[in-house]
Student: 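Please see the structure below; I have some questions.
Read the numbers this way: they start at 1 and go in the same order the structure lists the ligands and their atoms. These values consider heavy atoms only, across backbone and side chains, with no hydrogens, waters or symmetry-generated copies.
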Amino acid sequence: MAPSTAKEAYVTLCTNDSYAIGVLVWVESLKEVGTTRQIVVMITNGLSQKMKEQLAESADKVVEVNVLDSRDNVNLDLLARPDLGVTFTKLHCWRLTEYDKCVFMDADTLVLKNIDDLFEKEEFSAAPDPGWPDCFNSGVYVYKPSLETYQKLLKFAVQSGSFDGGDQGLLNSYYTNWNRISFLYNCVAQSFYSYLPAFKQFGKDVKVAHFIGAVKPWHHSFDVSTGKVSESEFSGHCADFLRHWWNLFVSRVHKRLPEEISPTFPK
Ligand code: UDP
Ligand code: MN
């Protein structure tokens with residue numbers, strides 16, 4: 001491994017056992033494509049002990065974060081903005097200063113091809129959001145950890161809030177000069193239904209699928225004998241991406257999970 005690679009990491013966040021299932025599959029997807037970078041998971045005290053153990057076994061590092069853990073003024077101001085809870089938790093990724101550069105990825109992303117070339121990009125790089133392509137989608141972004149940036153972001157958040165109530169609105173207001181990376185690095189897994197010919201042309205090149213929305217892959221169930229995912233509720237997610245997620249779950253994650261936190265499998 002080249003010396004520089006040890007200082008670069010993929011980072012994600014989960015605040016409960018449900019999203020942690022997504023993280024376990026995300027980690028396996030990164031390993032499957034042979035990443036040479038570190039894998040870091042930020043967690044909060046909302047996870048069960050058993051799940052924390054699973055994450056510690058699969059990732060290179062698990063960091064417990066808490067938005068109220070420091071006593072500075074900005075954090076005190078945050079107490080008045082409980083609406084931005086998970087958003088602020090995500091901002092903790094800027095505090096991982098033992099790394100020179102990181103790629104943050106949502107827990108509902110799935111890596112299909114090696115994306116280590118993202119570390120050649122600078123802060124702040126992200127892919128356009130299909131809902132409003134002048135904005136980036138904050139499910140995948142390249143950034144540089146820095147305590148100074150972290151403080152600036154917190155201050156900005158407290159003063160300006162977020163136009164969508166989440167991290168995406170906040171980060172888009174802060175990083176107005178973002179660098180655009182290809183949509184292939186953060187393919188919102190149902191958006192191509194609005195542009196099917198483009199998906200037919202480019203879909204095979206997708207590097208990261210992102211299962212946005214309230215219904216996540218782990219809310220479905222999977223029939224091992226047919227290899228089919230049964231959609232309990234309509235999610236509009238691409239069936240191939242969903243199947244890929246479930247194949248990884250069944251082959252690499254399910255047997256390690258305690259029964260009580262396993263999703264609806266097998267049916
Ligand atoms: N997240 C979390 N707990 C929550 C909600 C969100 O840990 O209760 C984290 C998780 O990493 C998730 C990310 O924040 O992937 C963004 O939320 P989500 O992916 O649900 O938003 P969407 O992509 O659907 O807009
Ligand atoms: Mn997401």
Student: What I want to know is whether T15 and ligand 1 share at least one N or O pair that is separated by under 3.5 angstrom.
Tutor: yes
Student: Can you list the atoms of ligand 1 that are under 4.0 Å from a heavy atom of D108?
Tutor: 15 (O), 19 (O), 23 (O), 24 (O)
Student: Using the ring of each side chain (for Trp, its six-membered ring), is W246 parallel, tilted or perpendicular to F249, with breaks at 30° and 60°?
Tutor: perpendicular
Student: Please determine if E64 and K52 form a salt bridge, counting it only when a charged side-chain N lies under 4.0 Å from a carboxylate O.
Tutor: yes
Student: Name of the H210 N, O or S atom nearest the Mn ion (ligand 2)?
Tutor: NE2
Student: Decide whether a cation-pi geometry holds between R37 and Y10; the criteria are a distance under 6.0 Å from NZ or CZ to the six-membered ring centre and an angle within 45° of the ring axis.
Tutor: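 Not satisfied by the 6.0 Å and 45° rule.
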Student: Would you check whether G213 reaches within less than 4.0 Å of ligand 1, judged by its heavy atoms?
Tutor: yes
Student: Quick one: look up the protein heavy atom nearest atom 12 (C) of ligand 1 and list residue, atom name and how far away it is.
Tutor: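 Protein heavy atom at minimum distance: Y19 CE2, 3.5 Å.
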Student: What about the rings of F163 and W132, do their centers lie closer together than 6.0 Å?
Tutor: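 Ring centres of W132 and F163 not closer than 6.0 Å.
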Student: For the side chain of Y143 and the backbone of C93, is there at least one donor-acceptor N/O pair under 3.5 Å apart?
Tutor: yes
Student: Any N/O of A107 closer than 3.5 Å to an N/O of ligand 1?
Tutor: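 Between A107 and ligand 1, an N or O pair is found under 3.5 Å apart.
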Student: Against heavy atoms of C14, which atoms of ligand 1 measure under 4.0 Å?
Tutor: 7 (O)
Student: Is it true that, when you exclude K31 itself, more than 12 heavy atoms of the residues, nucleotides or ligands shown sit nearer than 6.0 Å to its NZ?
Tutor: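 Buried by this count: over 12 neighbours within 6.0 Å.
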Student: Need the ligand 1 atom indices (1-based, order shown) with element for anything under 4.0 Å from a heavy-atom of H210.
Tutor: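 Matching atoms, with element in brackets: 23 (O).
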Student: I'd like the name of whichever of K90, K216, Q168 reaches closest to atom 22 (P) of ligand 1 through any heavy atom.
Tutor: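 Looking at heavy atoms only, the winner is K216.
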Student: N16 heavy atoms, cut-off 4.0 Å: which ligand 1 atoms fall inside?
Tutor: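 Numbered from 1, ligand 1 contributes 8 (O).
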Student: Looking only at distance, does L13 have an N or O less than 3.5 Å from an N or O of ligand 1?
Tutor: yes
Student: May I ask you to identify the nearest protein heavy atom to atom 1 (N) of ligand 1, giving residue, atom name and distance to one decimal place in Å?
Tutor: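 Answer, as residue, atom name and distance: V86 CG1, 3.9 Å.
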Student: Say whether F211, considering both its backbone and side-chain N or O atoms, lies within less than 3.5 Å of an N or O atom on ligand 1.
Tutor: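 Such a contact does not occur with ligand 1.
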Student: Checking one value in my table: which N/O/S atom of D106 lies closest to the Mn ion (ligand 2)?
Tutor: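 The atom in question is OD2.
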Student: Is a side-chain N or O of K101 found less than 3.5 angstrom from the main chain of K121, in a donor-acceptor match?
Tutor: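 Yes; at least one donor-acceptor contact below 3.5 Å.
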Student: Is atom 15 (O) of ligand 1 close to the protein, meaning a heavy atom under 4.0 Å from it?
Tutor: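 Under 4.0 Å from atom 15 (O) of ligand 1, at least one protein heavy atom found.
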Student: Under a plain distance cut-off of 3.5 Å, with no hydrogens placed, do E123 and Y141 share a side-chain donor-acceptor pair?
Tutor: no
Student: Is it true that E98 and K61 have a side-chain N and a carboxylate O under 4.0 angstrom from each other?
Tutor: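 Here E98 pairs with K61 in a salt bridge, since their nearest N and O are under 4.0 Å apart.
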Student: Find all atoms of ligand 1 within a distance of less than 4.0 Å from any non-hydrogen atom belonging to D106, and give their numbers and elements.
Tutor: 13 (C), 15 (O), 16 (C), 19 (O), 23 (O)
Student: Salt bridge between E28 and R256, side-chain N to carboxylate O under 4.0 Å?
Tutor: yes
